[in-house]
**Student:** 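Got a structure for you, written out below as C-alpha cells; questions coming shortly.
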Amino acid sequence: MKTILCAGAIAIWATTAVAHSPLDGTTPANGSIVSEMPVEVLMDFKGDIRLTRVTLSHADSRAVNVDLGGQKTFAQEFALPMQDMGPGSYVVEWRGLGADGHALNGTFNFTVKQ
C-alpha cells in the first residue's frame with residue numbers, strides 16, 4: 001500500500017513540475033561578463049508564458065521597467081530592449097503567467113565590463 005501511495009505522490013509531483021514553464025536560457029547568459037551593453041536581452045522559456053513585468057537594475061540604482069511592447073500573447077522566446085546604465089552588474093527580474101495558469105518569476109544577472 002505504501003508503494004502505491006508513494007508512486008501516486010511521485011506521479012502527481014512530476015505532472016505538476018512539467019506543467020510549469022521555467023526560464024531555459026538567456027542572452028547574455030546568467031552570470032556572464034560581456035564587453036558592452038547588449039541592445040536587447042533574449043529570454044527563452046521551456047513553455048509558453050506571458051510576461052507581465054520585467055525590471056532592470058544596475059549596481060545600487062533604482063530598478064527601471066523594461067518596455068514589453070504591449071505584449072499580450074503567450075510565447076517561449078522574448079527579445080526585450082535594454083537601457084545602458086554604464087559598466088557594472090545588471091539584474092533582470094521578471095514575472096509572468098504560464099499558459100497553464102501558474103504565476104512564475106525569477107532573476108538573472110550579467111556584468112558589463114569597463
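Residue numbers run from 1 in the order of the sequence given.
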**Student:** Rounded at 0.5 Å granularity, tell me how far OG1 in Thr52 sits from CG in Asn105.
**Tutor:** 9.0 Å

**Student:** So how far is it from Met82 CE to Asp67 CG, rounded to the nearest 0.5 Å?
**Tutor:** 10.0 Å

**Student:** Would you name the heavy atoms of Arg50 and Lys72 that are closest together and state the gap between them?
**Tutor:**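 For Arg50 versus Lys72, the nearest heavy atoms are CD-O, 3.2 Å.
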
**Student:** Testing the basics here: between Leu51 and Leu68, what is the closest heavy-atom pair and its distance to 0.1 Å?
**Tutor:** O-CD1, 3.9 Å

**Student:** Consider only side-chain heavy atoms of I, L, V, M, F, W and Y, link residues closer than 4.5 Å, and tell whether Phe108 and Val64 are in one cluster.
**Tutor:**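 Yes, because Phe108 and Val64 connect within a single hydrophobic cluster, where side-chain heavy atoms sit under 4.5 Å apart.
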
**Student:** If every non-hydrogen atom of Ser89 is compared with every non-hydrogen atom of Thr111, which pair is closest and at what distance?
**Tutor:**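 Minimum heavy-atom contact is OG-OG1, 3.6 Å.
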
**Student:** Go through it in stages, so that I can follow the logic: the residues are Glu77 and Leu42, the test is side-chain contact (heavy atoms from CB on, under 4.5 Å), and I'd like the CA-CA distance, side-chain angles, deciding distance and then a yes or no.
**Tutor:** CA-CA 7 Å; Glu77 297 176 351; Leu42 305 176; over 6 Å; no

**Student:** Given the rule in the side-chain contact (heavy atoms from CB on, under 4.5 Å) test, do Tyr90 and Val112 qualify, once you have shown the distances and angles that lead to the verdict?
**Tutor:** CA-CA 8 Å; Tyr90 286 81; Val112 177; 3.6 Å; yes

**Student:** Applying a strict under-4.5 Å side-chain criterion to I, L, V, M, F, W and Y, I'd like to know whether Leu97 and Val92 cluster together.
**Tutor:** no

**Student:** Rounded to the nearest 0.5 Å, how far apart are OG1 of Thr55 and CZ of Arg95?
**Tutor:** 8.0 Å

**Student:** OG1/Thr107 to CG/Asn30 distance, rounded to the nearest 0.5 angstrom?
**Tutor:** 7.0 Å

**Student:** For the residue pair Met43 and Leu80, what are the closest heavy atoms and their distance?
**Tutor:**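 For Met43 versus Leu80, the nearest heavy atoms are SD-CD1, 3.7 Å.
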
**Student:** I'd like to know if Met85 and Val41 are part of one continuous hydrophobic network [Ile/Leu/Val/Met/Phe/Trp/Tyr, side-chain heavy atoms within less than 4.5 Å].
**Tutor:**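 Yes, one cluster joins them.
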
**Student:** Taking the inter-plane angle between the rings of Trp94 and Phe45 on a 0 to 90° scale, is it parallel (under 30°), tilted (30 to 60°) or perpendicular (over 60°)?
**Tutor:**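 The rings of Trp94 and Phe45 stand perpendicular, inter-plane angle above 60°.
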
**Student:** Quick one, Asn65 and Arg53 - any side-chain contact, counting heavy atoms below 4.5 Å?
**Tutor:**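 A side-chain contact exists here, since the closest heavy-atom pair is under 4.5 Å.
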
**Student:** Taking Pro28's backbone N and O only, do any of them form a donor-acceptor pair with Thr26's side chain (distance below 3.5 Å, no angle check)?
**Tutor:**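 Side chain of Thr26 to backbone of Pro28, a donor-acceptor pair under 3.5 Å: yes, one is there.
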
**Student:** Nearest 0.5 angstrom please: Gln76 CD to Ile49 CD1, how far?
**Tutor:** 10.5 Å

**Student:** Between Pro22 and Lys46, is any pair of side-chain heavy atoms under 4.5 Å apart?
**Tutor:** yes

**Student:** For the side chain of His58 and the backbone of Pro87, is there at least one donor-acceptor N/O pair under 3.5 Å apart?
**Tutor:** yes

**Student:** Report the C-alpha distance between Asp44 and Phe78 in whole Å, list the side-chain angles of each, state the deciding distance to 0.1 Å, and finish with yes or no for side-chain contact (heavy atoms from CB on, under 4.5 Å).
**Tutor:** CA-CA 7 Å; Asp44 184 27; Phe78 299 89; over 6 Å; no

**Student:** Calculate, to the nearest 0.5 Å, the distance between atoms CD and CE belonging to Gln83 and Met37 respectively.
**Tutor:** 8.0 Å

